Structures are given as structure tokens and as C-alpha cells.
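The shown structure was predicted, so the numbers you read here are calculated from the model rather than taken from an experiment.
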Amino acid sequence: MRLVSYRKPDDGATSCGVVTDDGRSIVDAAEALGTPLAGLRELLTTGRIAELAGAVTGQAPTCAVADVQLLPPIPDPRKILCVGLNYRTHLVETGRPEPQYPTLFSRYADTQIGHRACVRIPAESTSLDYEGELAVVIGAPAHRVSVADAAAVVAGYSVYNDFSVRDWQRHTSQFLPGKNFPATGAFGPWLVTVDDADRIGDWVLTTRVNGEVRQTAPIDDLLFDIPHLIAYISTFTALAPGDVIVTGTPGGVGLFRDPPEFLRPDDVVEVDITGIGTLTNVVAGT
């Protein structure tokens, strides 16, 4: 299934649902289940994904995808853990040595935006950059999970653009400031559940700016793959349903182009991942 969070066109209320096979319509999850539902995180926490899959069969669409504001698939994750330097091509362009352990930093939920939303260049910077990434959404409580058991705690996958405010990111060795300006964490368009995610190692990530390919890499180029990331992270912090791991970006970011090319107002940034879809955002000024 493709699961979305969205804002209803009639009353502006937030909801979640299942995208139809043609990608044009949404079946509301709460209506299909016949019960109030706070959002996708509640759906994951209560383990009702399989029930929803059966409930939407034969249901008439509630609204058109084109008519709603798409939100981040998980608008309210308790944790967003991002991985830096996790593709060799990006590691090489930074000039950094290969890490022995994953390089991790946090992004906050209130910095996120959805598909088709505007990413904002902060007033304090002219160095906004793109970073196309695969996002992994946790579907079951996970603490000290082994590599062998890691797949069992994954709910599904989505696309992330971990937009980076480079000058603030490089103030110190800690990435946190440059990764948490408002409206700089793009997430979407939807969450593809694991039952529809086949051979993700063969998936290819591509980032385009105004139609020009800037990044491309197969997902299996990750230095630390998804099971190892889950095992490592869940050792030091317990993961909960709806938590998000953003797995890293390939080489080709604007900072390391010659000369550097940062984003400008009206730029259109697309991140496409085979098997999921395309996350599109337009750059706006302050």
C-alpha cells in the first residue's frame, strides 16, 4: 500500500489514507476502518496496517490526490535520525575518511514539509543545498534489535530531501544547526509499505534540480545498510512505530560542485526513488 497523510480540502482537518492503484485518489483510513484515527503513527502503533489493507478493498475514493495538501507521511514522528556520509561517492567529495560507525544527527519533526510544499531559504543564509535520501519508517518497537531481525521492525519506505543550510551546518563539527531550520525537511509523497517494497537494493535514487540530474545512485551503495543502521541505532535508543531513519545522500550535492551551486528561489527540486515515486518541492525565499 501507499499510505499518505493529508489535509482535507473541505474543512482543513488532517487525516490519512491509502492511495489508489492509479495514484489519483485517496481512500480515507478512518472512514474505511469505521473508527476515529489520529494519523499514520497511531495506525502503526496499534498494528492495524493489515486490517486497513482489507478494509479499503472495494471502498470508493474519498478525495483526489490533486485536491489535497499532502503532509509528511509521518507528520509527528517521535524521532528522526539522519545518517551522514553514508554513500562512498559523497564521502569522497567531502574528503573525509571512511567512518567506522554511522555518522548520526537529529532532525526535528516541526522542520518537515510534504510533497509539493515550498522549502524555505533562511534569511540568515544563502547556502541552501539539496540531499536526496531514502527514508525508513519503523513499524514496531525496536530496542537492541539484531541485524538479522531488523527487517521485521520496518513498516515501509519513503523519499526524503534533507535540505541543508550549509554555512550553519559547517559552523562546528556538529551538523545539527544546518539541519533544523523551518521548512527544510521534505518527506513524501507517501509511505510504501514493506509488502509492496520488492528488492530495494535494486532501487535507484535520483535528484534533479530544474530537470538536471545532480545525484544518482543505487540504494545498495549505502556504506551502512538498513539492517545495520537499525541494529546500531536501536542499541542506544529505543525506536517506536513511526520513527524515521533518513539513510544518507549520494555524491553530487551543490556544495561540492565546481563552483558550488546553492538553491535559489523558484528552483524545482525532485527526488525520485524506484519503487516509491517522486518527491517534488519548490524553493521559496525567506
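- Between the side chain of Asp129 and the backbone N or O of Phe262, no donor-acceptor pair lies under 3.5 Å.
- Side chain of Thr184 to backbone of Asn180: no donor-acceptor contact under 3.5 angstrom is found.
- With respect to the salt-bridge test (charged N to carboxylate O, under 4.0 angstrom), the residues Lys179 and Asp162 qualify.
- Between Glu212 and Arg257, at least one side-chain N (NZ, or NE/NH1/NH2) sits under 4.0 Å from a carboxylate O, which counts as a salt bridge.
- Panel note: side chain Gln69, backbone Arg7; no donor-acceptor pair is recorded below 3.5 Å.
- Contacts classified as salt bridge (charged side-chain N to carboxylate O under 4.0 Å, His left out) and involving residues 216-240 (residues at least two apart or in different chains) are not found.
- With a 4.5 Å cut-off on side-chain heavy atoms, Val27 and Thr20 count as touching.
- In this structure, Glu131 CD and His90 NE2 are separated by 5.0 Å, a value rounded to the nearest 0.5 Å.
- Exactly one residue among Asp76, Leu40, Val68, Ile74 makes a side-chain contact (heavy atoms from CB on, under 4.5 Å) with Ser5. That residue is Leu40.
- Within the 4.5 Å cutoff, no side-chain heavy atoms of Asp67 are placed close to those of Cys63.
- Remark: the backbone N or O of Val18 is not paired with any side-chain donor or acceptor of Trp190 at under 3.5 angstrom.
- Using a 4.5 Å cut-off on side-chain heavy atoms (C-beta onward), Leu44 and Ile49 make contact.
- A donor-acceptor pair is defined here as one N or O able to donate and one able to accept, closer than 3.5 Å; such a pair exists between the side chain of Gln215 and the backbone of Gly132.
- Heavy atoms of other residues, nucleotides or ligands lying less than 6.0 angstrom from CG of Asp195 number more than 12.
- You'll find the side chain of Val65 stays beyond 4.5 Å of the side chain of Ser25, heavy atoms only.
- Taking NZ from Lys8 and CG from Asp10, the interatomic distance works out to 6.5 Å, rounded to the nearest 0.5 Å.
- Listed for the Thr235 side chain is a donor-acceptor partner under 3.5 Å among the backbone atoms of Ala231.
- Using modelled atom types, one side-chain atom of Thr111 and one backbone atom of Tyr108 make a donor-acceptor pair closer than 3.5 Å.
- Of the options Asp167, Val119, Val269, a side-chain contact (heavy atoms from CB on, under 4.5 Å) to Leu128 is made by Val119 and by none of the others.
- When every heavy atom of Leu37 is checked against every heavy atom of Ala29, the shortest pair comes out as CD2-CB, 3.7 Å.
- Just one of Asp196, Ile273, Ile226 meets the side-chain contact (heavy atoms from CB on, under 4.5 Å) condition when paired with Tyr157; it is Ile226.
- Atom CZ of Phe181 and atom CD1 of Ile121 lie 12.5 Å apart (nearest 0.5 Å).
- Here the side chain of Thr89 pairs a donor or acceptor atom with the backbone of Gly251 at under 3.5 angstrom.
- Arg88 has no carboxylate O lying under 4.0 Å from a charged side-chain N of Glu93, or vice versa, which leaves the two without a salt bridge.
- Arg2 places a side-chain N or O within donor-acceptor distance of the main-chain N or O of Asp21, the cut-off being under 3.5 Å.
- With rounding to the nearest 0.5 angstrom, the CG atom of Leu52 is 6.5 Å from the CG atom of Leu3.
- When each of Leu81, Val153, Val145 is checked for a side-chain contact (heavy atoms from CB on, under 4.5 Å) with Leu239, only Leu81 meets the rule.
- The OG1 atom of Thr247 lies 6.0 Å from the CD1 atom of Ile219; values are rounded to the nearest 0.5 Å.
- Counting only distance, with no hydrogens or angles, the side chain of Asp243 and the backbone of Ile138 share no donor-acceptor pair below 3.5 Å.
- Between Phe236 and Tyr232, the two ring planes are perpendicular [angle over 60°; tilted spans 30° to 60°].
- In summary, the side chains of Tyr130 and Glu270 do not present any donor paired with an acceptor at a separation below 3.5 Å, with no hydrogens or angles considered.
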